[in-house]
Amino acid sequence: MGSIDYDTLAELYRGKPPEVRKAFDFQRRLKGCIIGERSFGELKKVAGADISILKSEKKLICGIIVFSYPDMTEIERVYSEVDENFPYIPGLLAFREGPAIIETYGKLSVKPDVLILDGQGTAHPRGVGIACHVGVLLDVPAMGIGKSRLYGSFEEPGTEKGAWTPLTSREGERIGAVLRTKDRTKPVFVSPGHRIDLESALEIALTCSRGLRIPEPTRLADTYVAELKKGRK
DNA sequence: GCGACAG
DNA sequence: ATCTTGTCGC
């Protein structure tokens, strides 16, 4: 693993007014730890994570569900409630949701081969979206599937399921892809997080999309945390 | 200075 | 993320 230490992270999260400059420094260091190649064998388990917010309690509810791949049969689901101590700032989403996801991941008795996160991986202004951030800190293969664009330019992909176009950074680098997961619906934004390449991420995203726009892992994790939230109200 | 801006 | 009614399509 790289040289990222939790003390720096914990210190950062404690900052009352968000210390954006320190977050940027952290992302710069984290970027050097990202492995952009596929480093896992046969894909047998995938997991999806999502967050919902308990505004009154100032807490985040995180849920993670592990599925067998490619049949998408649920294997395990866990959740946790964590204090909300960082605001939502575009480009710094991982500092808000990352701690909850990391804590919840630790509760899994079955670890997935790939973790799918709601949001971007390398398709980020500094190349370190939440999928990279969480993937590196947990040292687990991770990828991001976002419902909308954060960074990068692209051409609209074809309208048929499976069609995709590259997401390009300002410097001309291919940082992700815009993928049509369902015919004639808004495409999703796929990008590598850690220990995976774009081609593998695209294949996984498409295989997990069972006729719906949002791939099963994150889609079901979303309904899971929504139910947990409802039950707490 | 003026937009853009994951969840 | 969250708020929030009806409504269009399979």
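Letters go in sequence order (proteins before strands), and every chain restarts at 1.
Between A:Lys147 and B:dG7 there is a side-chain polar atom (N or O) within less than 4.0 angstrom of OP1 or OP2. Contact check, A:Ser148 against B:dG7: a side-chain N or O comes under 4.0 Å of OP1 or OP2. Applying the 4.0 Å criterion to OP1 and OP2 of C:dA1, one finds that A:Lys229 has every side-chain N and O outside that range. Remark: A:Arg149 is in phosphate contact with B:dC5, judged by side-chain N or O atoms under 4.0 Å from OP1 or OP2.
Counting non-hydrogen atoms under 4.0 angstrom, A:Gly144 reaches nothing in the nucleic acid. Within 4.0 Å of A:Asp222, counting heavy atoms only, lie sugar-phosphate atoms of the nucleic acid but no base atom. Counting non-hydrogen atoms under 4.0 angstrom, A:Gly146 reaches the backbone sugars and phosphates but no base. Counting non-hydrogen atoms under 4.0 angstrom, A:Ile145 reaches nothing in the nucleic acid. Across all strands, A:Ile53 comes closer than 4.0 Å only to sugar-phosphate atoms, never to a base (heavy-atom distances). Residue-level contact check: A:Gln120 touches the bases, meaning some heavy atom is under 4.0 Å from a base atom.
If you chain together hydrophobic residues whose side chains sit under 4.5 Å apart, A:Ile51 and A:Leu138 fall into the same group.
The separation between A:Glu57 atom CD and C:dA1 atom P is 20 Å, rounded to whole Å.
Looking only at side-chain heavy atoms (C-beta outward), A:Val114 and A:Ile204 come within less than 4.5 Å of each other.
A:Tyr88 qualifies as a stacking partner of the B:dG7 base, centre to centre under 5.5 Å and near-parallel within 30°.
The backbone N or O of A:Glu203 sits less than 3.5 Å from a side-chain atom of A:Thr207, completing a donor-acceptor pair.
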(message) Run the side-chain contact (heavy atoms from CB on, under 4.5 Å) test on A:Glu84 and A:Lys59 for me, step by step, so that the C-alpha distance in whole Å, both residues' side-chain angles and the decisive distance to 0.1 Å come before the verdict.
(response) CA-CA 5 Å; A:Glu84 171 189 332; A:Lys59 295 208 168 201; 5.8 Å; no
